[in-house]
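Nothing fancy with the numbering, it's 1 onward along the sequence. Everything quoted here is computed from the prediction, not taken from an experiment.
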Amino acid sequence: MRADRLVSLVLLLRQRGRLTANTLARELEVSTRTVLRDIEALSAAGVPVYAERGRHGGFALAPGFRTELTGLNHDEALALLTAGSGRGEQVFGLGSALASAMRKVVDALPESHRATASDAAQRFLVDPESDLLSRRLVTEEVPDTTMVEVRRAVLAGHKLRIHYAATGQTPQWRTVDPIGLVTVRDRVYLLATRSGADRTYRLSRVLAAEELDATAQRPNRVDLDRIWRERSAQFLSGDHITVRVRVNPARREDLLDTAVAVRAEEPGADSWLRLEVTFQDLRHAEWALWQLSTDAEALAPQSLRTSLHNRAAAIATRYGDSS
């Protein structure tokens, strides 16, 4: 909306001083012509914006000009600035709105708190792109157009039509009643019902989405945390395989990265860990344990031990002494 953009433009000039039209256009995600029109509108409304010519020129506000915004205390601003750091801008496709909100947060602080809060926020890093082993976190991409349609339907309480590509199936159009959105490890899920039955859709598999005018059939109030726990339990009780395994503590995270869920964990007498984990199926479990080589041992079920033994024997035969 233009009103929000005008406020953001003023806040950018207040916080960063003189900026060129190209820089403002890039920050606000609009064209340079739009920025110039916005500058004219601000000037006509009495906001003291002036242009400086020359190689290092640009637009700036008259010294001392301040917008009227609700103030925040130091801890409130720090909480918001921290939440907006790292990759938080990717959550639910609200990157532009979050950047605008952060500018307003900083501007709303008293002068004495502004520098302190901004510096303190730099001391916190939320979810960097890689862990200590330099393994990059995989973020599933969801097109902005899809996210916007889904988000609008969820918030407005309207039915949603999605073109969904379920694993191993031909993509199909489905009309659902959206309940809410959940993000877990950079994956976004849509909780919904379809013809009264519970459904959970991974947004990265939604090829297209369309908000409908019809009202969604759903309760006025919702407890997403409870619903997510119930659906997680239902998912784990499906056709998955539960495996008991002993693992070298140094490879614990590698095991958990491949498992669907962890049901139990305890230390063993030999300093190795004993875990009960869930995999999608026997083939998935065999692949995951094979990656850990001699740093893990499947204790049960016997079918998994047999398949791993057969695989190791086949490898040994292939690379046995041929002299």
Side-chain angles (χ1 to χ4, degrees), residues 87 90-92 126-133 135-142 164-169 179-194 197-206 222-308 311:
R87 291 176 291 114
Q90 299 173 4
V91 177
F92 303 136
V126 180
D127 286 338
E129 292 185 356
S130 62
D131 61 16
L132 285 175
L133 300 179
R135 295 174 299 191
R136 294 186 62 82
L137 301 179
V138 178
T139 301
E140 295 188 342
E141 298 294 333
V142 179
Y164 192 71
T167 303
Q169 298 181 22
I179 296 174
L181 290 168
V182 176
T183 178
V184 181
R185 296 181 181 177
D186 290 326
R187 291 179 179 177
V188 183
Y189 297 90
L190 169 67
L191 305 187
T193 61
R194 183 181 175 207
D198 292 343
R199 293 289 185 270
T200 302
Y201 300 100
R202 201 153 140 185
L203 247 60
S204 61
R205 295 175 181 164
V206 175
V222 64
D223 184 348
L224 281 184
D225 188 53
R226 177 185 59 79
I227 294 175
W228 181 253
R229 288 198 306 270
E230 291 175 351
R231 295 198 180 184
S232 296
Q234 182 179 11
F235 175 76
L236 292 176
S237 65
D239 297 329
H240 294 81
I241 180 175
T242 299
V243 174
R244 287 193 295 112
V245 59
R246 58 186 291 268
V247 62
N248 184 332
R251 303 299 301 276
R252 174 183 180 276
E253 294 303 318
D254 295 325
L255 173 65
L256 299 190
D257 282 346
T258 58
V260 173
V262 179
R263 293 180 174 271
E265 178 178 353
E266 62 182 9
D270 56 359
S271 78
W272 279 29
L273 299 173
R274 300 297 195 274
L275 290 93
E276 187 174 300
V277 294
T278 301
F279 292 101
Q280 294 176 1
D281 49 34
L282 181 62
R283 183 178 180 183
H284 179 206
E286 178 185 338
W287 173 85
L289 270 295
W290 186 261
Q291 309 308 306
L292 300 181
S293 186
T294 57
D295 284 324
E297 178 188 0
L299 302 177
Q302 183 59 44
S303 57
L304 176 58
R305 289 179 60 87
T306 300
S307 62
L308 285 168
R311 186 171 187 175

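For the residue pair Phe279 and Ala259, the shortest heavy atom distance occurs at CE2-CA, 3.7 Å. Taking both residues in full, the closest heavy atoms of Pro249 and Ser271 are given as CG-O, 3.4 Å, listed atom of the first, atom of the second, then distance. Summarising the geometry of Pro301 relative to Thr242, their closest heavy-atom pair is CD-O, 3.7 Å, with the distance given to 0.1 Å. Scanning both residues, Ala288 and Thr258, for their nearest heavy atoms gives CB-OG1, 3.4 Å. Across all non-hydrogen atoms, the minimal contact from Leu282 to Ser303 is CD1-OG, 4.1 Å.
With contacts defined as side-chain heavy-atom distances shorter than 4.5 Å, the pair Leu181/Val188 qualifies. You'll find the side chain of Leu292 stays beyond 4.5 Å of the side chain of Asn248, heavy atoms only.
Under a 3.5 Å cut-off, the side chain of Tyr164 and the backbone N or O of Arg202 do form a donor-acceptor pair. Using modelled atom types, one side-chain atom of Arg305 and one backbone atom of Ala298 make a donor-acceptor pair closer than 3.5 Å. A distance-only check finds no donor-acceptor pair linking the side chain of His284 to the backbone of Thr278 [under 3.5 Å].
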Review point. Asp198 and Glu230: side chain to side chain contact (heavy atoms under 4.5 Å, CB included), yes or no, with the steps?
Key: CA-CA 11 Å; Asp198 292 343; Glu230 291 175 351; over 6 Å; no
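Summarising the geometry, atom CD1 belonging to Ile241 is positioned 10.0 Å from atom CD belonging to Glu286; distances are rounded to the nearest 0.5 Å. A distance of 9.5 Å separates CG of Leu224 from CZ of Arg231, quoted to the nearest 0.5 Å. To the nearest 0.5 angstrom, Trp287 atom CH2 is 12.0 Å from Asp281 atom CG. For the atom pair Leu304 CG and Arg283 CZ, the distance stands at 14.0 Å (nearest 0.5 Å). In this structure, CG in Leu256 is found 12.0 Å from CZ in Arg251, a value given to the nearest 0.5 Å.
In this structure, Arg274 does not pair ionically with Glu266, as no charged nitrogen and carboxylate oxygen lie closer than 4.0 Å.
Taking the six-membered ring for Trp and thresholds of 30 and 60 degrees, Tyr189 and Trp228 have ring planes inclined between 30 and 60 degrees apart.
Put simply, the residue from Leu273, Leu299, Leu289 that forms a side chain to side chain contact (heavy atoms under 4.5 Å, CB included) with Val245 is Leu289.
Atom CZ of Arg311 has more than 12 heavy atoms from other residues, nucleotides or ligands within 6.0 Å.
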